[in-house]
Amino acid sequence: MEYADMLLLRFGEFTLKGKNRSRFEKTVLRHVKEMIKPFPKVTLSKEFGRIYVQLNGEPAVELIDVLRNVFGIASISPVKVSLSDFDDILSVSQNVLRIAAPPAGTTFKVNVRRVWKGFSFGSIEMNKLISTPLLQSYPGLLVDVKSPQMELRIEIREGHTYIFCENIAGVGGFPLGTNGKAMLLLSGGIDSPVAGWSSMRRGLEVECVHFYSFPYTSELARQKVVDLTRVLSQYAGVIKLHLVPFTEVQTSFTGIGQDNLIITLMRRAMLKIATRLAEREGALALVTGESLGQVASQTLSSMNVIGRATPLPLLRPLVMMDKSEIVELSKTVGTYNLSILPYEDCCTLFVPKSPTTNPNLRIVDKIEATLPGYGALLDAAVAGTETVTITPYGDEKPSDVVQAQAGLQEEWF
Ligand code: ATP
Ligand code: MG
């Protein structure tokens with residue numbers, strides 16, 4: 001027997017937010033639709049607080065793996081569907097229990113909900129009529145009606161009855177994009193992809209901005225960022241990636257005789273450029289993978305001076321996390337193995353032996369104000385930015401510009 005005929009998806013915490021609920025639920029539904037595209041036989045229906053995913057023969061386990069990552073879904077139950085007929089309900093219940101194979105000593109209860117009042121037995125009566133034969137077949141089960149380890153839920157509807165006992169945790173959070181849009185500064189490292197995932201989980205739509213310094217950084221480093229964005233797009237349907245040529249800006253800092261400030265200047269330049277892209281794309285915040293104290297540029301004093309380069313809210317989802325926690329999360333998200341590939345990031349170039357941990361804002365401001373042609377360099381970086389739309393199942397190269405994908409983008413958003 002198949003493991004499940006249908007998946008029942010339950011919405012998460014946002015259901016509390018009264019008037020936004022219907023918009024949020026529609027967003028989750030749209031996200032689910034995008035994620036089930038590789039499973040053409042699946043059909044969907046929505047009910048208050050739930051989405052039903054009819055499998056029609058598509059593989060339940062693979063779909064659960066995909067759908068548990070949809071933001072806003074709190075839990076998933078694989079459901080067996082029977083006719084609304086006593087004998088069929090009992091026989092399917094036996095099967096569900098056989099598949100779940102609870103070990104001896106598991107505490108157990110049957111919980112019947114008679115949604116269709118035309119069914120001949122009431123809920124309480126059904127609890128007894130179903131649990132008695134089940135307990136006979138599984139003598140190791142112990143009844144506990146208050147807080148059982150396993151609850152066999154039976155929902156009797158007109159025509160069909162849903163039977164399930166498993167509750168698989170979903171990723172939760174807010175539906176994608178329901179809290180606005182932000183630009184994620186995405187390096188090839190471990191932290192920023194995790195920061196991106198955390199932002200998306202809070203309902204932010206994310207566009208990625210990556211700075212590369214060709215020819216000092218290789219094509220492989222750029223492809224790595226495309227691949228990281230693709231992993232993130234598995235949570236989002238599609239994601240825009242902006243690739244910013246950073247060589248000119250970066251090399252302009254090397255001749256000023258203030259090597260210990262190069263990282264500070266570079267980070268500020270990134271924020272300034274990202275802010276311009278944010279304005280162009282209608283994003284209201286920037287996101288980085290910074291974590292307090294991790295490196296010289298992430299001391300409080302550095303963050304203060306760097307953060308002042310943008311008027312936008314600068315979100316740092318990982319700011320208080322330990323590296324080990326971030327690493328764990330990156331494994332769960334699925335970016336870790338890509339992040340540890342050894343390609344150069346532009347920030348590891350021209351890096352001084354002793355970057356300052358305590359930059360002086362006045363000096364930094366003055367350098368930027370007097371650096372010849374600095375404004376024009378930033379303009380040129382923005383103008384030279386390429387945009388690629390990355391899809392979960394595609395194989396885009398950085399040269400596939402956004403126009404080619406415009407149709408997809410519209411379909412999703
Ligand atoms: P990560 O693992 O994300 O690279 P990190 O701990 O290595 O972070 P840094 O390299 O100091 O920290 O970078 C701090 C943040 O600056 C990154 O998390 C990222 O948001 C941003 N950043 C750094 N390099 C780039 C880049 N080449 N393109 C875009 N953003 C970058
Ligand atoms: Mg880094």
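In what follows, residues are counted from 1 in the order of the sequence shown. Bear in mind the structure is a predicted one, so any value in this text is a computation, not a measurement.
- Using a 4.5 Å heavy-atom threshold, the side chains of Ile73 and Val171 count as separate.
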| request: Could you go through the side chain to side chain contact (heavy atoms under 4.5 Å, CB included) check for Leu152 and Ile154 one step at a time? | output: CA-CA 7 Å; Leu152 183 76; Ile154 300 177; 4.1 Å; yes
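- Remark: the backbone N or O of Thr107 is paired with a side-chain donor or acceptor of Gln149 at under 3.5 angstrom.
- When every heavy atom of Ser339 is checked against every heavy atom of Lys224, the shortest pair comes out as O-NZ, 3.2 Å.
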| said: Run the side chain to side chain contact (heavy atoms under 4.5 Å, CB included) test on His210 and Leu241 for me, step by step, so that the C-alpha distance in whole Å, both residues' side-chain angles and the decisive distance to 0.1 Å come before the verdict. | reply: CA-CA 7 Å; His210 177 69; Leu241 167 63; 4.2 Å; yes
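- Counting only heavy atoms from C-beta outward, the side chains of Leu8 and Phe164 approach each other to under 4.5 Å.
- Looking only at side-chain heavy atoms (C-beta outward), Ile156 and Met126 come within less than 4.5 Å of each other.
- Ser218 places a side-chain N or O within donor-acceptor distance of the main-chain N or O of Ala221, the cut-off being under 3.5 Å.
- Taking the six-membered ring for Trp and thresholds of 30 and 60 degrees, Phe174 and Phe24 have ring planes more than 60 degrees apart, a perpendicular arrangement.
- At a threshold of 4.0 Å, the pair Glu290-Arg316 counts as salt-bridged, since one of the basic side-chain nitrogens sits closer than that to a carboxylate oxygen.
- One side chain, Ser301 or Asn358, offers a donor N or O that lies under 3.5 Å from an acceptor on the other.
- We find that Glu368 and Lys272 are joined by a salt bridge, their nearest charged nitrogen and carboxylate oxygen being less than 4.0 Å apart.
- No side-chain donor from either of His242 and Glu386 sits under 3.5 Å from a side-chain acceptor of the other.
- Between Val209 and Leu186 there is no side-chain heavy-atom pair separated by less than 4.5 Å.
- Checked by atom type and distance alone, the side chain of Lys109 never pairs as donor or acceptor with a backbone atom of Glu151 at under 3.5 Å.
- Of all heavy-atom pairs spanning Val194 and Ser330, the tightest one is CG2-CB, 3.3 Å.
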| message | I'd like to know whether Met303 forms a side chain to side chain contact (heavy atoms under 4.5 Å, CB included) with Val319, so could you lay out the CA-CA distance, the side-chain angles of the two residues, the decisive distance to 0.1 Å, and finally the verdict. | response | CA-CA 11 Å; Met303 283 190 185; Val319 72; 4.1 Å; yes
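- Residues forming a side chain to side chain contact (heavy atoms under 4.5 Å, CB included) with Glu158 (at least two apart in sequence, or on another chain): Trp116.
- When atom types are taken as modelled, the side chain of Asp88 and the backbone of Ser84 share no donor-acceptor pair closer than 3.5 angstrom.
- Note that the OG1 atom of Thr310 and the CZ atom of Arg267 stand 14.5 Å from one another [nearest 0.5 Å].
- Looking only at atom types and distance, the side chain of Ser75 has a donor-acceptor partner in the side chain of Arg10 under 3.5 Å away.
- Under a 3.5 Å cut-off, the side chain of Ser199 and the backbone N or O of Leu204 do not form any donor-acceptor pair.
- Listed here is the closest heavy atom pair of Ile239 and Val206: CG2-O, 3.7 Å.
- Between Tyr374 and Phe253, a ring centre-to-centre spacing shorter than 6.0 Å is recorded.
- Taking CG from Asn111 and CD from Glu155, the interatomic distance works out to 8.5 Å, rounded to the nearest 0.5 Å.
- With Lys181 contributing its side chain and Glu281 its backbone, the two residues share a donor-acceptor pair below 3.5 Å.
- Annotation: the span from Met200 atom CE to Asn179 atom CG amounts to 13.5 Å, rounded to 0.5 Å.
- In this structure, the side chain of Ser77 does not engage the main chain of Val79 through any donor-acceptor pair within 3.5 Å.
- In this pair, Tyr235 and Trp197 present their aromatic rings perpendicular. The plane angle is above 60°, beyond the 30 to 60° band.
- Note that Arg222 lies in the cation-pi zone of Tyr212, set by a 6.0 Å cut-off to the ring centre and a 45° limit from the axis.
- Qualifying side chain to side chain contact (heavy atoms under 4.5 Å, CB included) partners for Leu377, counting only residues two or more places apart in sequence or in other chains: Glu248, Val249, Ser252.
- Note that CG of Asp144 is 11.5 Å distant from OG1 of Thr106, once rounded to the nearest 0.5 Å.
- Residues passing the ring-ring contact (aromatic ring centres under 6.0 Å, His included) test with Tyr138, sequence neighbours excluded: none.
- No donor-acceptor pair closer than 3.5 Å links the side chain of Ser302 to the backbone N or O of Gln298.
- Taking each heavy atom of Thr356 and Pro359 in turn, the nearest pair found is OG1-N, 3.6 Å.
- With Ile36 as reference, Leu67 is the one residue of Leu55, Leu67, Val70, Val66 to meet the side-chain contact (heavy atoms from CB on, under 4.5 Å) rule.
- Remark: side-chain polar atoms of Ser192 are not paired, donor with acceptor, to backbone N or O of Thr288 under 3.5 angstrom.
- Across all non-hydrogen atoms, the minimal contact from Pro311 to Thr275 is CD-CG2, 4.0 Å.
- For the atom pair CG (Leu29) and CD1 (Ile51), the distance works out to 4.5 Å, reported to the nearest 0.5 Å.
- Residues Asp365 and Arg308 are not paired through a salt bridge, judged by the lack of any N-O separation under 4.0 Å between the basic side chain and the carboxylate.
- Salt bridge annotation for Glu47-Arg157: present, with a cationic side-chain nitrogen under 4.0 angstrom from a carboxylate oxygen.
- Separation of atoms CZ (Arg268) and CD1 (Ile367) is listed at 10.0 Å; rounding is to 0.5 Å.
- Using a 4.5 Å cut-off on side-chain heavy atoms (C-beta onward), Ile306 and Ser297 make contact.
- Residues Ile273 and Phe211 form a side-chain contact, since some pair of their non-hydrogen atoms from C-beta on lies under 4.5 Å apart.
- One N or O on the side chain of Thr385 and one on the backbone of Ala381 form a donor-acceptor pair closer than 3.5 Å.
- No side-chain heavy atom of Val388 sits under 4.5 Å from any side-chain heavy atom of Val226.
- Counting heavy-atom neighbours within 6.0 Å of Lys366 NZ, excluding the residue itself, gives a total of 12 or less.
- Inter-residue side-chain proximity for Lys80 and Asn95 is flagged as unmet; no heavy-atom pair is nearer than 4.5 Å.
- Considering every non-hydrogen atom in both Leu63 and Leu7, the closest pair reads CB-CD1, 3.9 Å.
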| task | Determine, step by step, whether Leu185 and Leu286 satisfy the side chain to side chain contact (heavy atoms under 4.5 Å, CB included) criterion, reporting the C-alpha distance in whole Å, the side-chain angles of both residues, the deciding distance to 0.1 Å, and the verdict. | result | CA-CA 7 Å; Leu185 279 80; Leu286 305 182; 4.3 Å; yes
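- Counting heavy atoms of neighbouring residues, nucleotides and ligands inside a 6.0 Å radius, atom NZ of Lys331 exceeds 12 of them.
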